[in-house]
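Side chains included, hydrogens not; waters and symmetry mates left out as well; all remaining heavy atoms used. Letters go in sequence order (proteins before strands), and every chain restarts at 1.
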Amino acid sequence: MGNIPRKIKDDVSLVICGSAGKGIQTVETILTQLLKRSGFHVFGTKEYMSRVRGGSNSTEIRVSSTSRPSLLDRINILVPLDKAALKHVQKRISENTLILADKEHFGPVDEKEAQGLIDFPFSQAASDIGGAIYANSIVAGLLAQLFGIDQEEMSLFLDQFFSEKKPEVIENNQKAAAKGYEIAQRIVEAEGIAIDIERHPHIAEDIFINGAEAVGIGAIAGGCNFLSSYPMSPSTGVLVFLSEQAEKFGIISEQAEDEISAVNMMLGAWYAGARAMVTTSGGGFALMEEGISLAGVMESPAVIHLAQRPGPGTGLPTRTAQGDLELALYSGHGDFPRIILAPGRLEEAVYLTRDAFHLAAKFQIPVFILTDQYFVDSYYNIPSLDFQSKNRENDIIETEDDYRRYRITENGISPRGVPGFGKGLVVTDSDEHDEAGHITEDLDMRVAMVDKRKRKLVDMKKAAFPPELVGTDNYDTLLIGWGSTYPVIREAWSLLGREDVAFLHFSQVHPLHPDTSAYLRQAKKRIVIEGNSDAQFASLLRRHTKQEIHQTILKYNGAQFSVEEMTTRLKETIDIKE
Amino acid sequence: MGNIPRKIKDDVSLVICGSAGKGIQTVETILTQLLKRSGFHVFGTKEYMSRVRGGSNSTEIRVSSTSRPSLLDRINILVPLDKAALKHVQKRISENTLILADKEHFGPVDEKEAQGLIDFPFSQAASDIGGAIYANSIVAGLLAQLFGIDQEEMSLFLDQFFSEKKPEVIENNQKAAAKGYEIAQRIVEAEGIAIDIERHPHIAEDIFINGAEAVGIGAIAGGCNFLSSYPMSPSTGVLVFLSEQAEKFGIISEQAEDEISAVNMMLGAWYAGARAMVTTSGGGFALMEEGISLAGVMESPAVIHLAQRPGPGTGLPTRTAQGDLELALYSGHGDFPRIILAPGRLEEAVYLTRDAFHLAAKFQIPVFILTDQYFVDSYYNIPSLDFQSKNRENDIIETEDDYRRYRITENGISPRGVPGFGKGLVVTDSDEHDEAGHITEDLDMRVAMVDKRKRKLVDMKKAAFPPELVGTDNYDTLLIGWGSTYPVIREAWSLLGREDVAFLHFSQVHPLHPDTSAYLRQAKKRIVIEGNSDAQFASLLRRHTKQEIHQTILKYNGAQFSVEEMTTRLKETIDIKE
Amino acid sequence: MESNIFDMGKIDIAWCPGCGNFAILKALKAALAELEITPHNLVMVSGIGQAAKIPHYLRANVFNGLHGRALPPATAIKAVNPDLTVIAESGDGDMYGEGGNHLINTMRRNPDITNIVHNNMVYGLTKGQASPTSRMGFKTPVQVRGVAIEPFNPIALGIALDASFVARAFAGDFEQMKEILIKAISHHGYALVDILQPCVSFNKLNTYEWFKTHTYYLDNAHDPTDRTAAFGVALEENKMALGVIYQNSERACFETTTTVYEDNKGPFCNRKPNLEKLNDLITSKGR
Amino acid sequence: MESNIFDMGKIDIAWCPGCGNFAILKALKAALAELEITPHNLVMVSGIGQAAKIPHYLRANVFNGLHGRALPPATAIKAVNPDLTVIAESGDGDMYGEGGNHLINTMRRNPDITNIVHNNMVYGLTKGQASPTSRMGFKTPVQVRGVAIEPFNPIALGIALDASFVARAFAGDFEQMKEILIKAISHHGYALVDILQPCVSFNKLNTYEWFKTHTYYLDNAHDPTDRTAAFGVALEENKMALGVIYQNSERACFETTTTVYEDNKGPFCNRKPNLEKLNDLITSKGR
Ligand SMILES: Cc1ncc(C[n+]2csc(CCOP(=O)(O)OP(=O)(O)O)c2C)c(N)n1
Ligand SMILES: Cc1ncc(C[n+]2csc(CCOP(=O)(O)OP(=O)(O)O)c2C)c(N)n1
Ligand code: SF4
Ligand code: SF4
Ligand SMILES: [Mg+2]
Ligand SMILES: [Mg+2]
């Protein structure tokens, strides 16, 4: 046991693992809140099974002195809540892992597994206090101690956290936490554990949200006042968040009978003057495609939050992937323009979702926000947000008598009116139509309308968000990523410490910003990194820039890249000679 | 009037135009049958509005001494059945157009339009015989005379054609046709009209089908015994054809409540041992995408006839387009292999549809047959077909006790069993699964399954149908087309008469045959021709071959390219300097 | 108000001469005029089909969406602007076939919209296949041996799901049709009007004559609030009842179950996000 | 036959301890055993959800398809091989929500399949949103102010659409549940069994206790062939009837309306196209 490094500095990966429905969530919430309040940078992410009880789920909490919101393989401290949990994370356990387990509760553990196991008898303690339910607070108290959180602070927070419970329950939880705190003190002393992470008091004021909340907040900032969706992991978080906020922010939130209804309701809502969105995932989105095409021909704004998970079919419902890029890009029959955004950081998710509404309203097109399970379920502290600068503009006109919904204009955009506002009638049609919106079979009008819709692309490209270059301009090798991989690639890149390598992150994947080609041209070697087996973004870049992509780093087992894996794979790939 | 060339040789374009439901169909059927029996090459194509009565529809019948199954702009002989018809085809009327119209019936026609109009008083004649309904036979008789069809032949055929009608009706139709024949004789003599087209008696024995029938026949030859679909133009022809043949060929043909049901029924049918297909169009197909993805993960065979029409949305329901290539290629969430076939000729449609079933069964993947409105509604005579050579193989195994539906194999294909046949149980799942077919969250198994599915691509590429090169190997410029444009491009290419230009036709557009790159590489200039505004196949080629496409010739107004238009655009495009 | 306020002027109507759709269009205009509804306050929502072309033939705001998908946008439009009169109108294939799931759920949701279905017992626009309401034995190019499955009974369905207004009308009777439409549009809640509509081109079985002999009008003895009695009426097949068959005025409308009009009565199109509250929310996310 | 023939051996069942699903699984195995149905002749078809995992816990052939889409493949499987016993089984969200349109049309088509619905009045797998059968006022993370729309009544719907067998069971009563399942599987035609199933994780309203006090068994006085009487029973809400509520044995099964077994009784998997007839057809196309 002497090997276990009992002193950990700056960056700790703590993993709690146990079966579904057994309170990981409570431990996690208490602990991360306490950590953040105490001035640590905190990042949390989870992987879980598609079931309600049983199985093995795990949450990684990364506590660090600088912001490091990305997944680690390494586990510094593991708290397995049951024996299966140990097996579940086996591959990630090394001799450097400190395992805090209730030996008695576990029963006999085989020799190898037992190595490094530090006994932490929380079951007995919990039942002494009043039942198994108090185990969570004991574990939370233990971890609070390990991270050196002030006991007073902890106690104050617990009062607040349990404030809606009965006095007795509050008291017992306080006792439990204190018990954990106490046990931990003994362990710390006996084992000589010392965690040393610099604190930044201002972090206490930071915002602390996950990806789903970021999208939801962005939607509200973008003026979203109508949401129609059908539950589907991992997109449901946004539905839940906006439903909770519906009353406060004047949002109609409706659970539709199916995804087809959801997307068609959304279009009806935009037509009548709302700012509407849907939130969905792969298979649910597939059902919406006819509706997306309807938005295309109607030139209706539409905002689609598409939270990716591994397909095909039902695939792995609670796992992560970046496999729906091409699905979104080519969704819906017929040719029509669209925008696809793919945030890599929480702030980006907030601002891009807000902007999705503005862009949808301006160009009268569908705008996608592509996230994934990893992104929506991960959270960390971020500094404050600013919305004042970019509020909803008047994108709806009061119509005149002679209003024609599809007036042919130079930039392809026809002023949008809504029924009941102005003297005109608003006619919108899923058939090819004339300027007034009425059905037509005039083949020249058809061409005029296709061209009009397509002309929007000129301004859309101008409005595209540029990719973000990380590193110096002087690169030979360019790492390219999009969406949720941003923090992981960035961290792995910085660990590489190579000046000749830069990283280009795309948060808008379609249409691509005009500078894209220039960025790629400068590189001698281009490596695209993404979470699917088809290298979809690589294809898109090839097609758009007509330049070669030399290597791809792909992952499609349902998990996000970890920093370690990314670092290894980058090292392997960067110096491959073609 | 002296300008009108009363002598037409070898290749005649005859157009009948009138409002929907007014009998164009009858004239067309009688005439084309008679022409073919008389040994002419006959091609017919139509364009029509999305309505049941009224409006203006037209049918072009091309009669020629060699097979020329492609659309012309030029009209040699026009039979407008009403005044609106003249307007409808106005752009195609030249001083070389012989217009046979019932002047009295038309009422006053303006000077310009009246030019070239030869009076053909069929309305009066029809009501003399017994009613407006007989006008069709009069017109048919007239045209038969123009093309020099033997009156006896005509009379025999009419007896056969009307054999299920009452004797009185048959007699009146005979009278009417004779009347038309007689009027025509007068006209021919007065105007000095002479049509001279070489006949080939063997054509009488040819098969005479349209694209929808070709697909239907191919399906039967491929062993299709289950069809579930929802009506949608222009895909309904196949549904109607196979429903008619259902009893004879042991096919379950079911009109589903919607396209989602249709595609899921198809998969259930394959699972139970049938060879099943769906026929649909853009918007209907969009609704099937989740089901396509299900086929992907279940490794179920699936055959999809996708008859294209212009989108987005409802678009132009009865017009033509090649806009759903990318839709088919990227349809369904998640990555999984598929094959997309796009016949250019009727024989190709027959054989490829047959092969679609074999390929689907062999590789256990979705196979698409991409046609379009132009293709399914056009018909011409083709020589006999041969099916003996390629009949259904035993693609289903009798299962053993330890049967595992998704056994991991080298080529990615797992022997397919069906329930009730053998000692094994057949378990198929839309979730990611293990070899036995049961749901799993094992992330390594996930990767193994993705890789297994993907490995099929190796053999799929080997089995790909090669593109067809028209012209010599020694080309500088390569014209590239796919699907229904084949005859048009071929004819326009031959009119060009340039040895440095060749034409490469793709009847399989995905995965592309390995020779594709070599074909492209040889050309200094590559021109892709297709019926959509996004140049979808050009993109696909760029992506696949990493070679530049220099020019595209696109059309997206809802009509097929005509030979004249193609010729002009080829001339314009071939010599553009970049 | 004169019903010609809804006239479109000289337009080309794509229906066949003699089709029952013309009478429905006329009756609808008359009903709307009698109710003093203006084109500007009216939104006609439809799907795809012959019947579904009706919004193009009547001056109004129009949302002509996808085949089978008229009800979801209609529900949303009404929710976003309750001042508008919203009519969702399409054919039997559209509403009862492709759109079946929305039909069920719109009945459950009960938005204050009127749902008019041109029930010609056939797919008109796609040239004569069976529709969900086609009678057993009805032969078509697809149902070559005749329809073999039970016809869909929209009236019974409506009553089973407690749709708040369920009526049947006949396109061959202008006056009564108009009266029923007036009642339906005036009803507060979801109102289904199934209109028996002869299709002269593709349905040679269910003709004007056939409908006349296979229908009768409910008289005053019928109490539309009696659900089981109404169900009995709905099951009558040889003589189908015309009139208001079922009505339940107790149910809340979908729009009124949302909270969005509690503080703010203004239309959605001018609403801006409350950034102050949003900042509060975000701060609270610092927890 | 012993019901353990359907046991899967040592497997990890993903349901929560105490869930009503376990009892349904057990009752189904018992019913199948009593009916002497073998795993090899049985096809379990399901969608996605907690209930829809059932085919993985019972030895049989399995088609575990998409959420909401169990009925179309089940119909096709039965049509392609009528010798198989086909059971389509899923949750209330799956069958009544996403799959609503197939439900309606499968009732109309009447294939000889059994449709078992685990009705827990909630979406289990996606963690507790309202399902179509959720009661008014039921609060969830999405329906934060409680469900505001009318619950879906599958029994009334089945009777309205003349589904040929409509029953309700309760997962808390093994014996009766088994008996009802035996009747349903034995019924020739489409049989709906709506099983009231407590979800101990997400539905704290409709518990074992709640179901017990809100149900009663139909006695012999009830005539399931009396459609209007059955409808009356279906509308009872405070005390929901358990048992076979409606049955119509007069309707033809979907499989029997096809012509494919007229000349050829063999299974589809061995059939080859009749090339001779095809050549005749093609020649006739020379006309
Ligand atoms: C998704 C989709 N499937 C199919 C169609 C083709 N389609 C258009 S109208 C129609 C049926 C029309 O029947 P109905 O609704 O009864 O209207 P009618 O023409 O009889 O008035 C169909 C199947 C379509 N437009 N979209
Ligand atoms: C097209 C599609 N939409 C949504 C989902 C997500 N989803 C999976 S199960 C489920 C609902 C489950 O509820 P229910 O059918 O009642 O089954 P239960 O879990 O309650 O047994 C949903 C919405 C999906 N898999 N596919
Ligand atoms: S096809 Fe039938 S429903 Fe359509 S317009 Fe003609 S008659 Fe009317
Ligand atoms: S979530 Fe509910 S329905 Fe699903 S297994 Fe748990 S208790 Fe049963
Ligand atoms: Mg109809
Ligand atoms: Mg449920």
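Other residues, nucleotides and ligands place more than 12 heavy atoms under 6.0 Å from the NZ atom of C:Lys127.
Closest approach of D:Phe231 and C:Arg227 over heavy atoms only: CE2-O, 4.2 Å. Scanning both residues, C:Ala160 and D:Ala156, for their nearest heavy atoms gives CB-O, 3.5 Å.
D:Asn101 contributes no side-chain N or O that, together with a main-chain N or O of C:Gly99, makes up a donor-acceptor pair within less than 3.5 Å.
Look at D:Arg145 and C:Glu262 and you find a salt bridge, because one of the NZ, NE, NH1 or NH2 atoms lies within 4.0 Å of a carboxylate O, short of that distance.
Options D:Thr259, D:Asn105, D:Asn110 differ in how many heavy-atom pairs under 4.5 Å they form with chain C, and the most are formed by D:Thr259. With chain D as partner, the option from C:Leu103, C:Ile104, C:Asn153 having the largest number of non-hydrogen pairs under 4.5 angstrom is C:Ile104.
The side-chain heavy atoms of D:Leu157 and C:Leu161, taken from C-beta on, include a pair separated by under 4.5 Å.
Only the side chain of C:Leu235 comes within less than 4.5 Å of a heavy atom of chain D; its backbone N, CA, C and O stay farther away. Residue C:Pro132 touches chain D through both its backbone and its side chain, counting heavy-atom pairs closer than 4.5 Å.
No option in D:Arg251, D:Arg109, D:Arg108 other than D:Arg251 meets the salt bridge (charged side-chain N to carboxylate O under 4.0 Å, His left out) test with C:Glu150.
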